[in-house]
Amino acid sequence: MILDALHKFVVDMALSVVVTTAAGLLMLLGFLTFKLVSSDNVLPGVPKLEGVPILGAMPIYLKHGMPQLLSKLIAIGDDGISYVNVVNNVLVSVHDPVMVREVLAYPEEIASREGDPGRMAWSPFRTLRRLIGNSLFNEVGPETSHQRNAFIHEFNSARSNSKKFDTITKIATMHANALTGGGSTAEVDDIRYFADNFAIALWGETLYGNSNHHVGGHVLSLSETILTLAGNPWPLVWYSFQLYLKLVAPGEPTRSEAKLRARVANVVQRNIGILEEYEYSNPDAPLKTIRNLSIMTGGGRTGPLSKLASEFTNLNVFSGHHSIGLNVTWLLIELDKHPECLAKLMAEINSVDTTDFTNVNSKMPYLDAVIMEINRLHPTVHATLRVINRETTLASSKKPVVLKPGMLIYLSYLHLHTSQKFWGFDAGEFVPERFLGGYKKDQPFMPFGYGPRNCVGYKFAILAVKVYLVTLLKTYQVEVRDHDHEMKLGTLLEPTKPVAVKVSCHS
Ligand code: HEM
């Protein structure tokens, strides 16, 4: 009797669970359909990429990633703008230079990288914040310009970079010599790895006085994991699901993200220990960069770092080295493919004293042109996005386009840099000469972004790239094994396969 009642109870319960779940799913489906229909034709007159019912372009996004979705959008938007629904989000591609500049110039009240924290957004910068905490990338509000000024003072000024020049040269020489380990030739399986490690060691030495920052590959593997996760839609899907079930607090990392964050904290902690040791045993020596940044933003000469400096210690584990390393890697590939350019560059290198900061920084026009051309053709940061916070009208589009809060605006630097419309028939070719004597104002060249949130470290990055490249070329003849390297669009723009080179000391 009791068993029968129990059985009936379980069957009834199971039935009501099934019915409730089905009703819930139907309601969700109805809601999404309603949202989709009501958001249909949200940008009248703008070409729309049709996705599948309800999910829109979500399957393309999940399967192929954002860069591929972006290429499809660019292909249909002749007037420089197009859009697609991704479930109930609207994703707009803006790929006309004037419109891109307009969007990048928006103040943060109109658009920011993360968008309003109260809204669901597919911005990768949200994932980045959960992985490494706050950083200048996410920062909005009155403190931002003060923070940017501190960075610009430390990394984008000739005065401060001239002080870093000897350190850059020292690390570049150490790392160039390590390629052959004292021998006269070496086969290097993948120069990307060595170029990244040069940049990591440079950061370690400049920031903390720790040139062994790269040893053991911890930093490299951590930064690669963070890069991959930040550019991948799945962590956002997983986080949103857990948020829905209240398994994670808004904005907080999930369990696996928290583990990664702890590994970042561990690396940072070790570096801080080394900085403190350096400061203790060299009280009169010049301050290391992280301390300078700290002092400029309210920290003391010793002890805990300011908020900005401590946020940068986390950001730095993930960023800065790949972009420098990739610049060097693409340079070696293109120079090897274009011996006439390499010969011109070598003539310039051999005609000046490259141990002099002013020469390397601003008196080598062909070197400058080569570096600009690499950043045009292979811009490491190939795209970015902004989330609309307040309704605005895109004034530069042919027909007025009203951008609404929550819309994601994608901006492809790669497209602007490689379009024949702006760069001529040889837009896809490596031709450094196009940058000799400057470039036309209407040619869209933005490898370091544009507007109020452009790169605050580009001059330091360019100097590091120059010094390492010049050191390598002065020491070795570099032969890149394959000439068929192609570009892979992930979070950053990378070669599709390892870049094997043979290096032989100049006799
Ligand atoms: C070749 C190397 C580099 C490249 C290609 C690069 C590229 C960029 C680009 C394109 C942006 C703007 C992104 C956007 O529009 O959303 C940016 C922003 C930024 N970069 Fe760089 N960057 C490089 C090196 C560095 C270095 C060495 C630092 C170190 C200080 C740095 C720190 C930053 C920061 C903090 C921002 C955000 C600035 C803000 O939002 O106010 N970058 N970078």
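Keep in mind it's a predicted model, so treat the numbers as computed, not measured. One-based numbering, in listed order, for ligands and for the atoms of each.
When only non-hydrogen protein atoms are considered, atom 15 (O) of ligand 1 lies nearest to Y413 OH, 2.7 Å. Nearest protein neighbour of atom 29 (C) of ligand 1, counting heavy atoms only, is W203 CH2, 3.6 Å. Nearest non-hydrogen protein atom to atom 41 (O) of ligand 1 is R148 NH1, 2.6 Å. For atom 30 (C) of ligand 1, the closest non-hydrogen atom on the protein side is F155 CD1, 3.5 Å. Given atom 40 (O) of ligand 1, the protein heavy atom at minimum distance is R113 NH1, 2.6 Å. Protein heavy atom closest to atom 16 (O) of ligand 1, with residue, atom name and distance, is T384 OG1, 2.6 Å. For atom 36 (C) of ligand 1, the nearest protein heavy atom (residue, atom name, distance) is F137 CZ, 3.5 Å.
Between the side chains of S396 and E102, at least one donor-acceptor pair of N or O atoms lies under 3.5 Å. Side-chain polar atoms of E257 and Y239 form no donor-acceptor pair below 3.5 angstrom.
Partners of D79 according to the side-chain contact (heavy atoms from CB on, under 4.5 Å) rule, which considers only residues two or more places apart in sequence or in another chain, are K398. Among residues two or more places apart in sequence or in another chain, the side-chain contact (heavy atoms from CB on, under 4.5 Å) test is passed with D442 by K440.
If you number the atoms of ligand 1 from 1 as listed, the ones under 4.0 Å from a heavy atom of N454 come out as 38 (C).
The two residues L377 and A427 make their nearest non-hydrogen contact at CD1-O, 3.6 Å. When all heavy atoms of E205 and S211 are compared, the pair lying nearest together is OE1-CB, 3.3 Å.
Using bins of under 30°, 30° to 60° and over 60° for the plane-to-plane angle, the ring pair H378/W330 lands in the parallel bin.
A cation-pi contact, defined as under 6.0 Å to the ring centre and within 45° of the axis, is absent between K337 and F430. A cation-pi arrangement is present between K164 and F155, with the terminal nitrogen or guanidinium carbon under 6.0 Å from the aromatic centre and inside a 45° cone about the axis.
Heavy atoms of L136 found under 4.0 angstrom from ligand 1 belong to the backbone as well as the side chain. Only backbone heavy atoms of P447 (N, CA, C or O) come within less than 4.0 Å of ligand 1; its side chain stays farther off. Contact annotation for R386 and ligand 1: only side-chain heavy atoms (C-beta onward) come within less than 4.0 Å of the ligand.
On a distance-only criterion, R453 and ligand 1 share at least one N/O pair closer than 3.5 Å.
Counting only residues at least two apart or on different chains, the side chain to side chain donor-acceptor pair (under 3.5 Å) pairs with a member in residues 465-475 are T354-K474, D368-K466.
Side-chain contact between F312 and L305 is absent, with no heavy-atom pair separated by less than 4.5 Å.
Here atom 21 (Fe) of ligand 1 has protein N, O or S atoms under 2.8 Å from it, and they come to 1.
The 12-atom threshold is exceeded at CG of D482, counting heavy atoms of other residues, nucleotides or ligands nearer than 6.0 Å.
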